[in-house]
**Q** 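Sharing a structure with you now.
Note that the structure is predicted; figures quoted are calculated from it, not measured. Just so it is clear, the values below take in all heavy atoms, side chains as well, and ignore hydrogens, waters and symmetry mates.
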Amino acid sequence: QIQLVESGGGLVQAGGSLRLSCAASGRTFRNYALGWFRQAPGKEREFVAAMNWSGGKTYYADSVKGRFTISRDNAKNTVYLQMNSLKPEDTAVYYCAATRFRPAVGALTAESQYDYWGQGTQVTVSS
């Protein structure tokens, strides 16, 4: 079993940048696929970004393409979400997730693919 803890959320003005971190403990996620999801008030949780187990492929929701970047540091057991050009509609609780399975990167848009979830970190983007 692994535990995931997100950090780096906060308040930022529209157009600004923020980097979220998700640190894993218990086991290495070197061979785990990783993802980021978010949930705004009154909305369902939605996919944001994912990276396959080898780190060679990424996948992004259309709403964040060109603005957000997912990356990983296996030595630190940490996955990051760099968020640039933030918009008010990016306001949400952001969750990181991991799975020991190895589906195609495009399949990682589904919550059901993930075994482990963090507690979430709040991101608020002001106008």
**Q** Above 12 or not: heavy atoms from other molecules or residues under 6.0 Å from CD of Glu44?
**A** no

**Q** Only counting residues at least two apart or in another chain, list the ones meeting salt bridge (Lys or Arg N to Asp or Glu O under 4.0 Å) with Arg102.
**A** none

**Q** Would you give me the side-chain donor-acceptor pairs under 3.5 Å for residues 118-125, sequence neighbours excluded?
**A**
unit_1 : atom_1 : unit_2 : atom_2 : d
Gln119 : NE2    : Glu6   : O      : 3.3
Gln119 : NE2    : Glu6   : OE1    : 3.4
Thr121 : OG1    : Gly9   : N      : 3.3
Gln122 : NE2    : Ala92  : O      : 3.4
Gln122 : NE2    : Thr124 : OG1    : 3.4

**Q** List for me each residue that meets salt bridge (Lys or Arg N to Asp or Glu O under 4.0 Å) alongside Arg67, sequence neighbours excluded, and say none if there are none.
**A** Asp90

**Q** Determine, using the 4.5 Å side-chain heavy-atom cutoff (strictly less than), whether Trp117 and Leu34 are members of one ILVMFWY cluster.
**A** no

**Q** Just verifying a value: how many Å separate Leu108 CG and Phe47 CZ, rounded to the nearest 0.5 Å?
**A** 7.0 Å

**Q** Does the side chain of Trp36 reach to within under 4.5 Å of the side chain of Phe68, using non-hydrogen atoms?
**A** no

**Q** Run the side chain to side chain contact (heavy atoms under 4.5 Å, CB included) test against Ser17 and tell me which residues pass, sequence neighbours left out.
**A** Gln82, Asn84

**Q** Measure across Thr109 and Tyr59 and return the closest heavy-atom pair with its distance rounded to 0.1 Å.
**A** CG2-CE2, 3.4 Å

**Q** How long is the gap from CG on Leu4 to OG1 on Thr78, to the nearest 0.5 Å?
**A** 10.0 Å

**Q** Write out all pairs satisfying disulfide bond (SG atoms under 2.5 Å apart) with one or both partners inside residues 52-127, taking only residues at least two apart or from two chains.
**A** Cys22-Cys96

**Q** Parallel under 30°, tilted from 30 to 60°, perpendicular over 60°: which one fits the rings of Phe37 and Tyr114?
**A** perpendicular

**Q** Are side-chain heavy atoms of Tyr32 and Tyr116 found at a separation under 4.5 Å?
**A** yes

**Q** Strictly by ring pair (Phe, Tyr, Trp, His ring centres under 6.0 Å), give each pair with a member in residues 76-99 just once, sequence neighbours left out.
**A** none

**Q** May I have the step-by-step check of side chain to side chain contact (heavy atoms under 4.5 Å, CB included) for Leu81 and Arg38, ending in yes or no?
**A** CA-CA 12 Å; Leu81 185 68; Arg38 66 187 182 186; over 6 Å; no

**Q** Check salt bridge (Lys or Arg N to Asp or Glu O under 4.0 Å) between Lys65 and all other residues, then give those that pass, not counting sequence neighbours.
**A** Asp62

**Q** Tell me the salt bridge (charged side-chain N to carboxylate O under 4.0 Å, His left out) pairs involving residues 71-86, sequence neighbours left out?
**A** none

**Q** Checking Asp115 now: which residues fulfil salt bridge (Lys or Arg N to Asp or Glu O under 4.0 Å) with it, not counting sequence neighbours?
**A** Arg100

**Q** Could you work out, with side chain to side chain contact (heavy atoms under 4.5 Å, CB included) as the rule, every residue matching Thr58, not counting sequence neighbours?
**A** Met51, Tyr60, Ile70

**Q** Determine whether a donor-acceptor pair (N or O, by modelled atom type, separation under 3.5 Å) exists between the side chain of Asn52 and the backbone of Val105.
**A** no

**Q** Just to verify, what does Ala107 make a side chain to side chain contact (heavy atoms under 4.5 Å, CB included) with, not counting sequence neighbours?
**A** Pro103, Gln113

**Q** Identify the heavy atoms of Leu18 and Gly10 that sit nearest to each other, and give their distance.
**A** CD2-N, 4.0 Å

**Q** Cluster partners of Val5, using ILVMFWY side-chain heavy atoms under 4.5 angstrom, listed by chain and number?
**A** none

